[in-house]
Amino acid sequence: MCIAIRFSRFEFQDSQLIEAGLGLSGDEVKVSFSEKNALLPVHYRGRNLLVRWGSRGEFGDGFRVKAGGEGEKRLFLPRTGFCKIESLEKGLWSWLRPQKCIILASSALVNGVWFQVRRGIEAVVVEGGNLNSGFSAGGSSSRGDLHCYILTTPSTHYFKVMTGALRMPLLLNQTV
Amino acid sequence: MKIFGHIDADCFYVSCERVRDPRLCGKPVAVLGNQGACVIARSYEIRTFGVTVGMPVWEAKKLCPEAVFIKRDFQWYALLSGAMQDVLGKFSNVIEYYSIDESFVDLGEREYLGDLNALGARMRDEVLTQTGIPVSVGLSVSRTLAKMAAKRNKPFGVTIVLEDELNDFLTDVSVSDVPGIGRRLAERLERVGVTTVKEFTACSSFLIKRLVHKPGEELWYELQGKSVLPVRGERPERKNLSRGGSLWGHHKDRKYVWAFLVRNLERVADSLWEDEMETSALLIVLISSDGRVLKSLQRLPDYTCSYSLLLQALRRGFDEIFCEGVSYCGSHLLAEDLRSLKGKQMSFFEVSSFQDEKFVRLKRLMNSKFGVFAVRSGATAYAPAVFRDEASNFEISDIKGKFCF
């Protein structure tokens, strides 16, 4: 799957990138899913944000919901960086209240092949905080961190030949 | 003395991609063809890593892990290629659209042209300003020398070679570097001790005629600065027309293979209609996964461009060569022995194709409004993936007017 992306550093202010711990050398910034606390450049609700790439469970990402009576239930975010478009359409992610967003990538890496991204990659953002620090959301008014999951779709023939991957990121207005 | 120009785009497909995505400038970039398997164009940055044209992507990515690979989009390249032609039209009325990224121009007599360096630079800069495509320009006294000159100072160079500079220009140039001298011809010349252009031009006319026949003799004159090959403003009528390629994997399913052939036939019929041509024979080629090439030549009762008559011929040929259980990976259709419909003598015994014509007109109208293949044969429904990919609807062979592939 798409394990890294590159984006133009000019999509963000230098201060934002420095704060996020991203390098300023060159015109482009590379982000890998393998990096701890990887951030994705996202256009969401009219703003460009740096948002955590999925969840790997290290921080207890999730939220608490009321589970009847006085009790609370801890729900953890999916431990992945990707979301199958089929599962999103089936409603399997609806409990997370996912919102569509666009990743501002210029290229993406799949199986060692960097390929061009013209307009962006489609993705969803969900809210979730650190359960270990007592975060509570999912129906409450408190806001947590945003987590971004890249939407994926079965590979086209061309993409399969190019990368050997069976699934590909869902690209905005672009067929590979 | 006439001056010929050769305008050659620098890494054309990559430059086209950079026009619409400037973020690619300065990066190692390769454009992939052949269903995403092979490099068909590469930027100068990626060449330094040893990536070559035709190299599979899985090898190229090892040589240059940071390279960006791009899917080819011939429709976009055709658009920019046409724009380049428009710019060149400002410099000459006689332009030969040689290939998608190369053109020859007949600039007329030397005495009216002024400073050739300035003219070449103006052509180069005008193309860049108007289209965003960097080109190299060669100006010389024959078209062969102009082509060699353009190649000498790539990228973004201007090279002028006049008669008095020929000696220096051709020093140490190998005959195999001359456009038009292929591997076999070079080998034939090597057998008689001719390996450089200087040795080639020093041969007697008699020896040249005997060794390399008329095309070689024309090059012999051209390399001496005597122009014998004109810039052809009009493409001569084509003799045949072919459409085909990969079947997108290996397939045994009869309906799938047939669907691809029907798709190719629709492309052939469309092209015949557009060019106002008709054919008298259809060659059907299937390539099996183990590399066998199976052919069937179907002679038509008369010259035709009727889709339904061609379809009948295709069906006969397909039934003849398709074997159940055999896996296929490629197919080609070749309409042979073409002739123009213009000024055609009607026959008393002609099969009426009025219904066919009405249908084709309607189909073309619909497809011009809603996209190529919006209306197509039901048989093609067995290969849906190829129709989902819009980029595959327009291949390089669909670009009209150019002389070469």
Side-chain angles (χ1 to χ4, degrees), chain A residues 1-12 23 25-32 34 41 43 48 85 102-121 153-176, chain B residues 13-14 16-40 43 46 56-73 75-76 245-251 256 260 329 383-393:
Chain A
M1 221 319 93
C2 174
I3 55 156
I5 65 139
R6 285 194 287 227
F7 65 96
S8 167
R9 64 176 263 206
F10 304 112
E11 301 284 1
F12 295 88
S25 59
D27 291 348
E28 286 200 316
V29 181
K30 181 178 159 184
V31 181
S32 298
S34 58
H43 185 74
N48 289 359
I85 185 74
I102 302 298
I103 296 171
L104 304 163
S106 60
S107 53
L109 180 71
V110 172
N111 285 352
V113 176
W114 283 101
F115 61 94
Q116 181 199 29
V117 177
R118 282 203 199 117
R119 296 185 190 281
I121 301 172
T153 181
S155 292
T156 59
H157 173 77
Y158 194 97
F159 194 84
K160 211 181 290 176
V161 174
M162 181 169 76
T163 63
L166 297 176
R167 294 193 71 83
M168 62 187 285
L170 195 61
L171 303 172
L172 185 66
N173 299 333
Q174 183 187 351
T175 313
V176 174
Chain B
Y13 297 166
V14 172
C16 289
E17 293 296 345
R18 283 173 170 167
V19 168
R20 63 178 169 187
D21 190 352
R23 295 173 301 182
L24 296 167
C25 294
K27 284 185 192 165
V29 175
V31 175
L32 299 176
N34 197 14
Q35 313 307 320
C38 291
V39 172
I40 56 169
S43 67
I46 203 173
V57 61
W58 44 92
E59 282 178 25
K61 75 176 181 184
K62 280 184 204 156
L63 291 174
C64 184
E66 292 303 308
V68 180
F69 294 94
I70 302 175
K71 184 180 185 177
R72 87 280 183 279
D73 180 354
Q75 205 149 13
W76 175 241
S246 159
L247 290 177
W248 290 36
H250 301 269
H251 299 274
Y256 181 91
F260 251 84
C329 63
V386 67
F387 293 100
R388 276 200 292 266
D389 183 357
E390 280 182 20
S392 66
N393 289 346

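Proteins get letters first, then strands, A, B, ... in listed order; numbering begins at 1 in each.
The minimum heavy-atom distance linking A/V113 with B/F69 is given by the pair CG1-CD1, 3.6 Å. Shown here for B/G249 and A/H157, the closest heavy-atom pair between the two residues is N-CE1, 3.8 Å.
Interface remark: of the candidates A/E28, A/K30, A/K160, A/E28 forms the most heavy-atom pairs closer than 4.5 Å to chain B.
For a residue to count as touching a neighbouring chain, one of its non-hydrogen atoms must lie under 4.5 Å from one of that chain's; by this rule A/Q174 does not touch chain B. Contacts of B/A67 with chain A are made by backbone atoms alone, with heavy-atom separations under 4.5 Å and no side-chain atom involved. Residue contact with chain A, scored on non-hydrogen atoms closer than 4.5 Å, involves the side chain of B/V57 exclusively. Looking at A/T175, both its backbone and its side chain come within 4.5 Å of chain B, counting heavy atoms on both sides.
The number of heavy-atom neighbours closer than 6.0 Å to CZ of A/R119, taken from other residues, nucleotides and ligands shown, is 12 or below.
Distance check, rounded to the nearest 0.5 Å: CG of B/L24 to CZ of A/R118 gives 9.5 Å. Of the inter-residue distances, the one linking A/R6 atom CZ with B/K27 atom NZ reads 6.0 Å to the nearest 0.5 angstrom. One distance of note links CZ of B/R23 with CZ of A/F10; it measures 12.5 Å at 0.5 Å rounding. Atoms NZ and CZ, from B/K71 and A/F115 in turn, are 12.0 Å apart once rounded to the nearest 0.5 Å. Distance CH2/B/W248 to OG1/A/T156: 7.5 Å, rounded to 0.5 Å.
Listed for the B/K61 side chain is no donor-acceptor partner under 3.5 Å among the backbone atoms of A/T163.
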